[in-house]
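Side chains included, hydrogens not; waters and symmetry mates left out as well; all remaining heavy atoms used. Convention: sequence-line order gives letters A, B, ...; per-chain numbering from 1.
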Number of protein chains: 2
Amino acid sequence: MELVKIYECLCDPTRLRLLHVLAQGPVCVCHFQAVLGEPQVKISKHLAYLRARGLVESERQGNWVIYALPAKPSRELQANLACLQDCARGNPVFKRDLARLKQIEPSCAWVRAGEPQKAPGQCRGG
Amino acid sequence: MELVKIYECLCDPTRLRLLHVLAQGPVCVCHFQAVLGEPQVKISKHLAYLRARGLVESERQGNWVIYALPAKPSRELQANLACLQDCARGNPVFKRDLARLKQIEPSCAWVRAGEPQKAPGQCRGG
DNA sequence: GAAGCGTATTCCTTGCGGAGAATACGGTTG
DNA sequence: CAACCGTATTCTCCGCAAGGAATACGCTTC
């Protein structure tokens, strides 16, 4: 059952937060670090877990790797992501993540635009 | 996060089938055995797992133990159960479960009605 | 109260996932 | 090519959950 695979991905708080943030748009790993406040290994491994199961897709842009929700998600995935967004409403953890994301957002503009970046080395905090 | 607890419950095929069947109404353990075609230990342990996390409630009626979805489910649980029902549409495994349940249904009537049973020892197959 | 039924719990083995530390990799910059 | 950055992968330890076999429990019946 593919459904089980989806739920296996959803049953970890870190992965839940990653997916919730990704609903706002593509994000690179170092921004995830800043938004979630979790160490790089943790972020990277959970993203690898999600990617291996088709819950996220990744694309390299220079030193950065940009993660995004799949362009063509299955019906089940679509339903569950929507459900997650719904459940996340009002949860302080998820809200805090979004707040931090908004704070960083300006330096993410090129990601949203899909432009190859000319940005300097410093990623965090722009 | 309570959400994670819910997803932990959902990331096993057997539990998914149990919850899906329960959406039709209360069911006793031996009927679960017949519907899912799984051994008693397996059914019982997964139901215990679900009960310990508040995803189902149980009530004893003589020799039988009747399981049901919680009378007052949380918003998150409600949303996810609805999502599950939606995702289950068209899945052959879930459909087969429902078909078998319908077959057994007559002998379950007293369960639905909440009457104390006077039924004879034979549970399976009515 | 002994036998029978439906259900729950224990015991065991096995496998997978989480966490952190250290390290390897790919790409950019001078 | 050397140094550096961002990211990924190993390795090891630990805990938990799944499965099956055997057994214990609660209740009814005679």
Query raised in the report: How long is the line joining CG of A/N63 and P of C/dT28, in whole Å?
Result: 7 Å
Report task. Starting at CG of A/L101, measure out to CZ of A/F32 and round the result to the nearest 0.5 Å. Result -> 8.5 Å
Query - Length of the line joining A/E59:CD and C/dG26:C1', which is rounded to integer Å - result: 15 Å
Report task. Round to a whole Å and report the spacing from CZ of B/F32 to P of C/dT7. Result -> 11 Å
Query raised in the report: Just by modelled atom types, is the B/E8 backbone N or O under 3.5 Å from a matching donor or acceptor in the B/R53 side chain?
Result: no
Report summary line: Separation of C/dG15 atom P from B/D12 atom CG, nearest Å, is 18 Å
Query raised in the report: To the nearest Å, how far apart are B/H31 NE2 and C/dC5 C1'?
Result: 14 Å
Requested in this report: Check each residue of residues 39-49 of chain A for a non-hydrogen atom within less than 4.0 Å of any atom in DNA chain D, then write out the ones that pass by number, or none.
Outcome: A/Q40, A/V41, A/S44, A/K45
Query raised in the report: When you measure from the side chain of B/R51 to the backbone N and O of B/V56, does any donor-acceptor pair fall under 3.5 Å?
Result: no
Report task. May I ask you to verify if any side-chain N or O of B/R51 is less than 4.0 angstrom from the OP1 or OP2 atom of C/dT7? Result -> no
**Report entry** A/C87 SG to A/Q85 CD distance, which is reported to the nearest 0.5 Å
**Finding:** 10.0 Å
**Report entry** B/E8 CD to D/dC16 C1', straight-line distance once rounded to whole Å
**Finding:** 10 Å
Query raised in the report: More 5' along DNA chain C: A/R15 or A/R60, using each one's nearest nucleotide?
Result: A/R15
Query - Nearest-Å distance for atom pair CD/C1', residues B/Q61 and C/dC5 - result: 16 Å
Query raised in the report: Is B/Y49 reachable from B/L84 through a run of I, L, V, M, F, W or Y residues, each pair having side-chain heavy atoms under 4.5 Å apart?
Result: no
Report summary line: Taken to the nearest whole Å, CG/A/L50 to P/D/dA8 is 12 Å
Report task. State whether B/Y67 places a side-chain N or O below 4.0 Å from either non-bridging phosphate oxygen (OP1 or OP2) of C/dA8. Result -> yes
Requested in this report: Please list all pairs passing the salt bridge (Lys or Arg N to Asp or Glu O under 4.0 Å) test where one or both residues lie in residues 54-77 of chain A, with sequence neighbours left out.
Outcome: A/R75-B/D86
Report summary line: Partner of A/E38 under salt bridge (charged side-chain N to carboxylate O under 4.0 Å, His left out), picked from A/K45, A/R100, A/R17, is A/R17
